[in-house]
Amino acid sequence: MSLQNDTTPRSGPLAGLKVIDLTHVMAGPTCTLMLADMGADVIKIEKWPSGDDTRHSVPPKIGDEAASFLMMNRNKRGIVLDLKTAGGKEVLRRLIADADVLVENFAPGAMERLGFGYEELHRAFPALIYCSLSGFGRTGPYKHRRGFDLVAQAMSGIMSFTGERPDGPPVKCGPPLSDITAGLLASMGILAAYSHRLKTGEGQWVETSLYEAALVQTYWQSTIALASNMAPRAMGSAHPLNAPYQAFEASDGWLVVGGANKKHWLLMLEALGALELASDPRFVNGSDRMANLKELEAELSGRFRKQTRAHWLAALDEKGVPCGPVHDMLEALRDPQTLAREMVVEVEHSTLGPVKTLGLPVKFSATPGKVRSGAPVYGEHTREVLREHGFDQAQIDAFEQEGAIVAASAGRKEQVA
């Protein structure tokens, strides 16, 4: 585990890209986190008086800060604006004038009411890439609805085929799947729009939604539904198209095995000492195994329970069969592969000192990204950013007096009434 800090110049393939981050909670911050980790200068603008909602998603806390906020907002500079004030609007407009990208996930119509909708900003700043994330997108009958991950998982069909058995209750995936996927899709869309702008000089509106982000996670299940006109149901850890491809319980814990194609199926049977199943008419090929999945699970489960997880992982790995232990979260974060890929790092926070966080999942040979700095305390970079954008001390003092901005002082959250 390496200690990351901000003592080196900003690096990464997006160094020099300036991003205004008007997002909160999860989907939008995931998008801007990806850009920041790849070197973009992301200025996170928080609302007055409560800031990003994840500042209040506790427990857990590290010191005085919410751990959820620290995770989603490292590598960003933070300022606080009250966009209901004339001064707050003035500051934001000047920041936008110098930016390449604006990302927002306000409720439908909110940006327009504030005077910062896409059409207005595109006329003033035609090169600006404007990205919106929402619950359902800007078209269609649900465009005015607010969206949450739970709703997206339900309406996309995901909850109908997640769970242990087909007649069981609907189950939500553990992580906020649509939020994180929407953030990844938005960052991909921004980079595509940036490529277009490099060629033409033109900005554009990029938008995606939690609903679409959830739908794209259903490629296999949508394939089945569209081809057969039948809705897939829950199958536990099993795969809807291939078998065996699921979790099995050993004598002391769980493991997963991918023995679905012919080669891996036969190699798995060798590892299990169960070659007689290769000639069993119920299991000869993939379609046979899927048609007799319950019988297959029963045959394999009885064998896996006879030895420890370590025994089976070693035997399967020796044969070249894809397999792995079912980790809990702490085991996953301690795994030597996790550490070797620098997916857990320590970053220096301005008030907390070293804080553990997840690393950058995309590696670049020539322009590596970096987790450079911890998440900002509330209003930590307000004065710094305003000075960079041409505001003098008298103007900054006037904005504070108006209540248009909040600026931290000496690492403390200093709130202006």
[X] vs [Y] side-chain heavy atoms within contact, under 4.5 Å:
X    : Y    : answer
R233 : S160 : yes
S132 : N105 : no
K76  : P29  : yes
E104 : C131 : no
V406 : D82  : no
L316 : L255 : yes
L358 : V371 : no
I405 : I79  : no

Is a donor from one side chain sitting under 3.5 angstrom from an acceptor on the other, for T32 and K44?
no

Ring centres under 6.0 angstrom apart (F248, W254):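 Distance test on ring centres: not under 6.0 Å, no.
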
Margin query: As a quick check of understanding, evaluate side-chain hydrogen bond (donor to acceptor under 3.5 Å, both in side chains) for S209 and E212, giving each step before the final call.
Written below: CA-CA 5 Å; S209 69; E212 288 158 294; 2.6 Å; yes

- prompt: Just wondering, more than 12 heavy atoms not from R94 lying within 6.0 Å of its CZ?
  reply: yes

* Asked: Take atom CZ in R341; do more than 12 heavy atoms of anything else shown fall under 6.0 Å from it?
  -> no

Which distance, rounded to the nearest 0.5 Å, do you find between the [atom1] of [X] and the [atom2] of [Y]?
X    : Y    : atom1 : atom2 : answer
M343 : L360 : CE    : CG    : 7.5 Å
L95  : D21  : CG    : CG    : 12.0 Å
L296 : L277 : CG    : CG    : 8.0 Å
F283 : E295 : CZ    : CD    : 6.5 Å
D52  : M26  : CG    : CE    : 11.0 Å
L128 : W205 : CG    : CH2   : 12.0 Å

Answer yes or no: is there an ion pair linking [X] with [Y], defined by an N-O contact shorter than 4.0 Å?
X    : Y    : answer
R55  : E65  : yes
K47  : D53  : yes
E384 : R77  : yes
E348 : R372 : no
R74  : D37  : yes

Let me know which of D98, D100, D41 forms a salt bridge (charged side-chain N to carboxylate O under 4.0 Å, His left out) with K18.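 So the option named by the test is D98.
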
- Query: Considering all heavy atoms of both residues, which atom of G258 and which atom of V321 are nearest to each other, and what is their separation?
  - Reply: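 Here G258 and V321 meet closest at O-CG1, 4.0 Å.
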
Nearest heavy-atom approach of L210 to A27 is CD2-CB, 3.8 Å

Please table the atom pairs, donor to acceptor, closer than 3.5 Å between any side-chain atom in residues 171-192 and protein atoms at least two apart or in another chain.
from : atom 1 : to   : atom 2 : distance (Å)
K172 : NZ     : G174 : O      : 3.3
S178 : OG     : D149 : OD1    : 2.8
T181 : OG1    : L177 : O      : 2.8
T181 : OG1    : Q217 : NE2    : 2.9
S187 : OG     : G183 : O      : 3.4
S187 : OG     : L184 : O      : 2.8

**OP:** Apply side-chain contact (heavy atoms from CB on, under 4.5 Å) to the pair W312 and F304, showing each step before the final yes or no.
**Re:** CA-CA 7 Å; W312 291 126; F304 276 111; 3.7 Å; yes

Are H56 and T54 close enough, and set up right, to give a side-chain hydrogen bond (donor to acceptor under 3.5 Å, both in side chains), and what steps lead you there? CA-CA 5 Å; H56 313 287; T54 55; over 6 Å; no

Enumerate donor-acceptor pairs with a distance under 3.5 Å from any side-chain N or O in residues 113-127 to protein atoms, sequence neighbours excluded.
from : atom 1 : to   : atom 2 : distance (Å)
Y118 : OH     : H122 : ND1    : 3.2

Would Y245 and H264 count as a side-chain contact (heavy atoms from CB on, under 4.5 Å) here? Give the steps. CA-CA 10 Å; Y245 190 90; H264 290 144; over 6 Å; no

Kindly confirm or rule out a cation-pi arrangement of R197 over Y194, judged by NZ or CZ under 6.0 Å from the six-membered ring centre and within 45° of its axis?
no

| request: Assess R289 against W265: is NZ or CZ under 6.0 Å from the centre of the six-membered ring, and within 45 degrees of the ring's axis? | output: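 Yes, R289 sits over the ring of W265.
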
Exercise for the section: List the steps and the verdict of side-chain contact (heavy atoms from CB on, under 4.5 Å) for M71 and L33. Expected result: CA-CA 9 Å; M71 177 64 75; L33 179 66; 6.0 Å; no

Test side-chain contact (heavy atoms from CB on, under 4.5 Å) on E299 and K294; report intermediate values, then the result. CA-CA 9 Å; E299 291 281 0; K294 290 301 177 186; over 6 Å; no

